[in-house]
Amino acid sequence: MYGLADCNNFFVSCERAFQPELEGRAVVVLSNNDGVAVARSNEAKAMSIKMGTPFFQLRPMVESGALVVRSSNYKLYGDLSARVMNILRSSVPKIEIYSIDEAYLHLEGIPHEKRREFCAELVRKVRRGTGIPVSIGIAPTKTLCKVANHFAKRYPGYRGVCAIDTEDKRRRALELTPIGEVWGVGWRGAPKLRKLGVETAADLVGRPEAWIRSRMGVGGVKTWLELRGTAVIGEETDERRQSICTSRSFAELVYDKEELKSRVSDFAAMCAKKLRKDGSVAGCVSVFLGTNRFRDDLPQYTHFEHNPLKQATNSTISVVGAAVQALERCWREGYGYKRAGVVVTDIVPEESMQGDLFEEDPAMREREAMLSELIDRFDSADGQMLKLASQNEGLYSYGIRREHCSKLFTSDWNELMEIH
DNA sequence: TCTGGGGTCCTAGGACCC
DNA sequence: TCTGGGGTCCTAGGACCC
């Protein structure tokens with residue numbers, strides 16, 4: 001049996017944890033650049049505000065006082081996530097963190113008849129310890145946990161915990177679950193299935209395997225099996241990420257090559273830092289850029305350029321250098337760029353890195369490693385940052401709009417805890 | 001005027017092998 | 001007009017997730 005612990009409206013709940021005056025109000029958290037809604041309180045959902053709604057469409061509601069918005073504050077969300085996960089980890093035999101606000105709990109060893117009460121106590125414990133409301137769905141497969149979690153969230157009567165632990169409950173739950181809500185059936189898949197007469201999860205489960213296979217591929221068969229109670233989505237064994245991406249949209253269009261180069265250098269430096277944090281090296285650095293696709297009055301251009309390295313690396317100098325080379329190949333004069341990013345791939349553990357037989361200057365690599373270490377040390381010190389001259393002079397958030405930050409934006413965790 | 005960021009997995013098709 | 005059969009590996013792009 002698994003339990004899926006999922007924080008309710010996570011980013012909004014994080015904002016509320018330190019701003020109790022937001023309780024009971026319609027609140028939306030915006031994406032980077034104050035672009036679109038990425039989290040909504042129940043009150044905001046009740047106003048039919050959809051995920052991904054552009055901020056400018058919400059502005060009238062903000063001005064009338066009906067809605068409160070906040071720019072996203074990922075430092076805060078990361079800190080609160082870590083605290084929630086720590087409480088979960090210390091309470092069950094094992095957890096698998098699935099995303100910033102979700103984790104699967106392994107519930108073996110907890111007697112069947114005590115599972116619900118155990119999880120109910122866990123919900124209270126997380127709330128007491130962090131201020132974050134969480135819901136838990138209990139079921140024999142991960143896909144059914146998602147279904148159970150939906151019920152736990154939607155109906156207050158469950159008080160945050162719902163279990164699908166009998167054949168009868170499973171059948172009834174699937175009948176009440178619209179096909180579009182099923183994990184693994186996306187917004188493209190749902191209309192297609194409805195056209196074929198599949199309205200609910202129960203309808204899907206009622207079709208033969210071959211029907212699923214031919215229309216939905218192997219992913220569909222997995223979902224089908226999981227909904228029937230056969231666990232096929234196992235544990236993610238490979239901890240190491242296969243790609244790391246740092247990308248941003250800009251508040252204003254960028255026409256200047258040197259300007260874009262300094263921002264891409266920043267993104268590359270961030271990728272290198274993430275690699276070092278993971279103890280990884282990457283064998284390929286890629287850069288992409290794009291114009292504003294909503295401006296059909298302007299010429300459009302997007303491009304993605306790979307730059308495979310002779311030797312895998314996590315050095316800031318090497319990753320930035322490779323990114324700048326790739327950018328040179330991407331760049332086209334005369335376009336206003338709205339977005340750019342750096343992706344590093346072909347990631348392997350630092351220890352198992354292949355040497356370069358024809359390396360010309362091994363000492364160079366060592367010097368670069370020392371410089372990277374220095375950069376990491378500076379970063380961890382208070383607000384100070386050591387950067388290459390090719391990078392932006394300002395913060396990583398330079399050129400990104402964040403006009404609705406909560407006042408606690410710059411606070412560190414200890415300050416936040418005191419206030420709490 | 002203003003429209004996010006960071007991931008994973010699967011599939012189809014091409015290149016190549018015997 | 002006719003022109004095999006059976007593999008593997010890689011990659012780009014699509015679909016999905018939060």
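Just so it is clear: chains get the letters A, B, ... in the order the sequence lines come, proteins before strands, and each one is counted from 1.
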query: Which heavy atom in A:Cys405 sits nearest to a heavy atom in A:Ser71, and how many Å separate them?
result: N-OG, 3.5 Å
Would you mind classifying the nucleic acid contact of [X] as base, sugar-phosphate or nothing, using non-hydrogen atoms under 4.0 angstrom?
| X | answer |
| --- | --- |
| A:Asp101 | sugar-phosphate |
| A:Tyr98 | sugar-phosphate |
| A:Gln57 | nothing |
| A:Gly341 | nothing |
| A:Gly217 | sugar-phosphate |
| A:Val343 | nothing |

Can you measure [X] atom [atom1] to [N] atom [atom2] for me and round it to whole angstrom units?
| X | N | atom1 | atom2 | result |
| --- | --- | --- | --- | --- |
| A:Arg40 | C:dC18 | CZ | P | 13 Å |
| A:Leu30 | B:dT3 | CG | C1' | 11 Å |
| A:Phe267 | B:dG4 | CZ | P | 14 Å |
| A:Ile233 | C:dC17 | CD1 | P | 11 Å |
| A:Asn149 | C:dC18 | CG | P | 10 Å |
| A:Phe250 | B:dG4 | CZ | P | 13 Å |
| A:Asn32 | B:dT3 | CG | C1' | 13 Å |
| A:Met270 | B:dG6 | CE | C1' | 13 Å |

Given [options], identify the nucleotide with an atom nearest to the side chain of [X].
| X | options | value |
| --- | --- | --- |
| A:Arg241 | B:dG7, B:dG4, B:dT3 | B:dG7 |
| A:Ser247 | B:dG5, B:dT3, B:dG7 | B:dG5 |
| A:Val218 | B:dT3, B:dC10, C:dA12 | B:dC10 |
| A:Phe294 | B:dT3, B:dG5, B:dT8 | B:dT3 |
| A:Phe56 | B:dC2, B:dG6, C:dC17 | B:dC2 |
| A:Arg188 | B:dC2, C:dC17, C:dC16 | C:dC16 |

Are [X] and [N] close enough that a side-chain N or O sits under 4.0 Å from OP1 or OP2?
| X | N | result |
| --- | --- | --- |
| A:Ser99 | C:dC17 | no |
| A:Trp183 | C:dC18 | yes |
| A:Asn33 | B:dC2 | no |
| A:Ser31 | B:dT3 | no |
| A:Arg213 | B:dT11 | yes |
| A:Arg339 | B:dG5 | yes |
| A:Thr246 | B:dG5 | no |
| A:Arg295 | B:dT3 | no |
| A:Lys146 | C:dC16 | no |

task: Could you tell me whether the side chain of A:Val287 reaches within less than 4.5 Å of the side chain of A:Gln325, counting heavy atoms only?
output: no
field: Residue whose nearest DNA chain B nucleotide is more 5′ - A:Met216 or A:Leu253
entry: A:Leu253
query: Taking for each residue the nucleotide of DNA chain B bearing the nearest heavy atom, is the 5' side occupied by A:Arg59 or by A:Lys222?
result: A:Arg59
In terms of the angle between their ring planes, are [X] and [Y] parallel, tilted or perpendicular, with boundaries placed at 30° and 60°?
| X | Y | result |
| --- | --- | --- |
| A:Tyr98 | A:Trp183 | perpendicular |
| A:His404 | A:Phe55 | perpendicular |
| A:Tyr335 | A:Tyr301 | parallel |

task: Could I get the full list of side-chain contact (heavy atoms from CB on, under 4.5 Å) partners for A:Ser280, not counting sequence neighbours?
output: A:Arg240, A:Leu275, A:Asp278, A:Ile347
task: Write down the distance separating the P atoms in C:dC18 and B:dT3, rounded off to the nearest Å.
output: 25 Å
message: Looking at A:Arg16 and A:Glu43, is any side-chain nitrogen of the basic one under 4.0 Å from a carboxylate oxygen of the acidic one?
response: yes
